Structure formats: C-alpha cells, structure tokens
Amino acid sequence: MLDRYKIETTAVHAGRHVDPATGAVTPPIHLSTTFERGADGEYPRGYSYSREDNPNRRALEECLAALEGGKQALAFASGLAVATALVQRLEPGDHILAPDDVYYGLRKVIGEVFAKSGLEASYVDMTDLDAVRQAVRPSTRLVWVETPSNPLMTITDLAGIAGIARRANAISICDGTFATPILQRPFEQGIDMVTHSTTKYIGGHSDVVGGALITKFDNYLFERARKSQIFGGAVPSPFDCWLTLRGVDTLPYRMRAHSENAGRIAQFLEGHPAVQAVHYPGLACHAGHEIAARQMSGFGGMLSVQVPGGRAQAMQVAARVRLFTRATSLGGAHSLIEHRASVEPSKTKTPQNLLRLSIGLENAGDLIADLEQALNGNPR
Ligand SMILES: Cc1ncc(COP(=O)(O)O)c(C=O)c1O
C-alpha cells in the first residue's frame with residue numbers, strides 16, 4: 001500500500017498504525033515477554049514469545065523493508081550481529097569476498113569469532129572490478145560490499161559488483177550504513193541484500209545500538225539469518241526497536257541536512273593550507289565522485305581529512321576542537337571527530353594522519369569556525 005508514496009511518507013507511516021486499544025498515535029512499547037493463547041491453543045494475535053517476534057520489532061522490520069524497497073527485514077541487536085548471523089550460517093569451505101578497506105569489525109567476525117569454522121575469506125580492492133572478477137571462486141557464496149567505505153570513503157560501483165556476484169551464483173550484500181536508504185538504493189543497482197548498523201543514521205541520535213538485514217527476494221542466507229535471530233536470540237529489545245523507529249521519522253530530512261553540512265565543510269577543508277587531503281565523495285576531485293553521483297542522491301555526512309605530518313599532528317588537531325566531540329561512531333546530531341587508526345587493528349590501511357569526521361546537525365558555519373581554529377592551532 002505504501003508503494004505509491006514517496007520516501008518521506010514511508011519513513012513516517014510504514015509499520016505504524018494507531019493503537020487499536022487506546023487510540024495512541026505514537027506506538028506503545030510492548031514490554032511483555034509472552035502473549036496470550038486463544039482457547040484453542042493458537043495465537044490469534046500473531047505473537048507468542050518476545051524473542052520470536054514482538055510488536056515493536058515487527059513495526060521496525062516492516063518500516064525498514066519498505067524504506068529500502070525490499071521484501072523483508074530482520075532487526076538485530078547490533079550491526080555486527082547481522083554479520084555474525086550471516087557468517088555463522090555459511091559452511092566449511094564457503095568463501096566470502098569483502099573489500100580490503102571493509103569496516104574492521106567484519107574482519108574480526110570472520111577471522112576471530114569464526115576462526116575455526118573452516119570459512120575462507122579474501123579481501124580485495126572493490127573499486128577495481130577486474131580484481132573482484134579474479135577473486136571470485138566457485139565456492140564464493142557471499143560478496144560483501146561497503147560503499148561509501150569506512151573511513152576512506154571509497155566508492156564501489158554497486159551495479160558492477162551485483163553483476164559479478166550474480167554470474168558467480170553468489171549473493172551480494174551492501175553495507176549501506178553511511179548512505180542509508182535515503183541516499184542510496186542498492187536494490188535498484190541489482191544488489192540482493194542490504195545491511196545497516198542502525199546505531200548510526202537510522203537511529204540517528206547516538207542513543208541506541210542496532211542492526212538490520214533487508215532482502216529483495218527470498219533466499220537461503222536470509223532464512224538462515226532469521227533462524228540466528230529467532231533461535232540464536234540476537235534480538236533488539238522492544239525499547240531499542242521503538243527508539244530506532246522514532247529515529248526513522250526524521251531520517252530523510254536529517255540525511256539532507258547532514259549532506260548539506262558535510263558538503264560545505266568538505267569544500268572549506270579542500271582549500272585549507274593546513275590540510276593535505278580531504279576524502280568526501282561529493283568533491284569533484286574524489287576518485288569515486290562520478291560513480292557516487294550516479295548511484296547516490298546525496299553524498300552523506302561522513303568525511304575524512306589528512307593533515308600534514310603524522311599521528312601526533314592529527315591528534316593535536318583533534319585535541320583543539322571545541323564543538324566536535326572526540327568520540328567513535330557516527331550518524332547522530334552531534335558532530336564527532338576520531339583518530340581512526342587508533343581504534344583499528346595495527347595492520348590497518350588507515351593513514352596515521354587521518355581524522356574521521358561525522359558531521360552533525362549543528363550550524364555548518366559554526367562547525368567550520370571550530371575546524372578553522374583547530375587547524376590553525378589557536379590556543380584554547
Ligand atoms: C559501516 C559499518 N558497518 C557496521 C558497523 C557495526 O555496527 P554496530 O556497531 O552497530 O555493531 C559499523 C560500526 O561502526 C560501521 O561503521
């Protein structure tokens with residue numbers, strides 16, 4: 001029914017309905033862990049036990065599936081719980097192909113949590129489609145793509161990757177955390193499944209951890225992930241689901257504001273003498289700009305910047321900010337700054353002089369002034 005509406009309307013209405021018991025417009029939070037059976041022993045209202053399904057999770061899943069243009073969605077306790085559910089359900093000898101600059105947590109899930117599972121994984125530069133073609137094996141089951149990537153903001157051609165995966169009979173999945181369904185539509189590029197850390201823009205207020213898996217069509221990996229969710233128990237609480245769904249109400253408008261602010265800040269940084277490089281796909285000089293302009297409707301709120309020098313110089317800039325908060329994560333209303341190499345494993349590709357910025361919803365001029373004084377080395 002919601003197919004005929006635009007995304008702002010879907011964001012507010014999908015999965016929601018006026019509460020039949022009270023008329024409440026905002027959905028109630030259903031904390032009950034268990035639900036009444038009918039006299040015949042059935043569950044006439046569709047719920048039995050809250051790990052298996054509950055009204056707040058169902059509402060969130062319906063909304064996320066509609067937003068992404070997918071068939072079904074599963075809500076998980078975190079973004080990495082989605083990765084765990086998928087990887088856990090592969091079989092010994094199965095091969096996963098992922099980007100060489102993938103969010104480092106996926107490498108940890110594959111290499112540490114499932115170190116003894118007999119899975120094979122290779123990491124390639126996914127901006128190079130020939131390299132991806134060569135890396136695919138007959139045993140490849142999952143081709144994982146992340147665009148824009150974290151933290152170098154590289155852009156991968158989603159249609160190109162989807163085609164390679166399809167020809168290899170593998171399932172393609174896009175981590176769309178940085179872009180959200182507002183700015184990027186992986187299913188329209190032929191990708192099979194989408195995952196998000198809803199902890200970030202979808203929740204949008206830095207107050208709830210969560211993850212989602214959305215599929216465009218029925219497939220065995222999605223069904224196995226559903227079993228991990230329901231029987232493995234990696235479920236978000238009703239309150240987590242409620243908070244995340246509340247975040248979705250404003251997602252389309254927030255993403256536009258994040259993108260606008262980040263675009264202005266990227267332009268300011270590009271011309272600044274105390275900056276060596278700016279990584280933002282909205283800048284014409286960015287290596288992935290053309291592809292990003294084709295497959296994204298806005299360039300998002302994330303960017304990274306390299307300053308002349310090394311780790312110490314980057315740390316000094318981060319130490320001088322006043323409005324930005326030195327913290328990990330992204331996607332909330334507060335602007336954050338992070339020396340990314342410090343939190344990643346020692347073999348990281350992330351340059352030591354790089355700072356990652358999550359541009360929030362403050363006034364862009366105020367954020368620019370803050371970065372200006374931090375880059376110029378003004379005393380506090
Ligand atoms: C791109 C990306 N994917 C996945 C995750 C993992 O999400 P979570 O922290 O919700 O487990 C993160 C977290 O930073 C991320 O940035």
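Both counts, for ligands and for their atoms, begin at 1 and track the order of listing. Quantities reported herein were computed from a predicted structural model and do not represent experimental measurements.
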With sequence neighbours excluded, residues passing salt bridge (charged side-chain N to carboxylate O under 4.0 Å, His left out) with Glu270 = none

Are the aromatic ring centres of His30 and Tyr47 under 6.0 angstrom apart?
-> no

Between His258 and Tyr201, is the gap from one ring center to the other below 6.0 Å?
-> yes

Heavy-atom closest pair, residues Met153 and His286 = O-NE2, 2.8 Å

List ligand 1's nitrogen or oxygen atoms that come under 3.5 Å of a protein nitrogen or oxygen, with the partner atom and distance.
from	atom 1	to	atom 2	distance (Å)
ligand 1	3 (N)	Asp175	OD2	2.7
ligand 1	7 (O)	Ser197	OG	3.0
ligand 1	10 (O)	Gly79	N	2.9
ligand 1	10 (O)	Ser197	OG	2.8
ligand 1	10 (O)	Thr199	OG1	2.7
ligand 1	11 (O)	Gly79	N	3.1
ligand 1	11 (O)	Leu80	N	2.8
ligand 1	14 (O)	Lys200	NZ	2.7
ligand 1	16 (O)	Asn150	ND2	3.2

What distance separates Ile110 CD1 from Leu90 CG, expressed to the nearest 0.5 Å?
-> 8.5 Å

Please work out whether the ring planes of His272 and Phe268 are parallel, tilted or perpendicular, with thresholds of 30° and 60°.
-> perpendicular

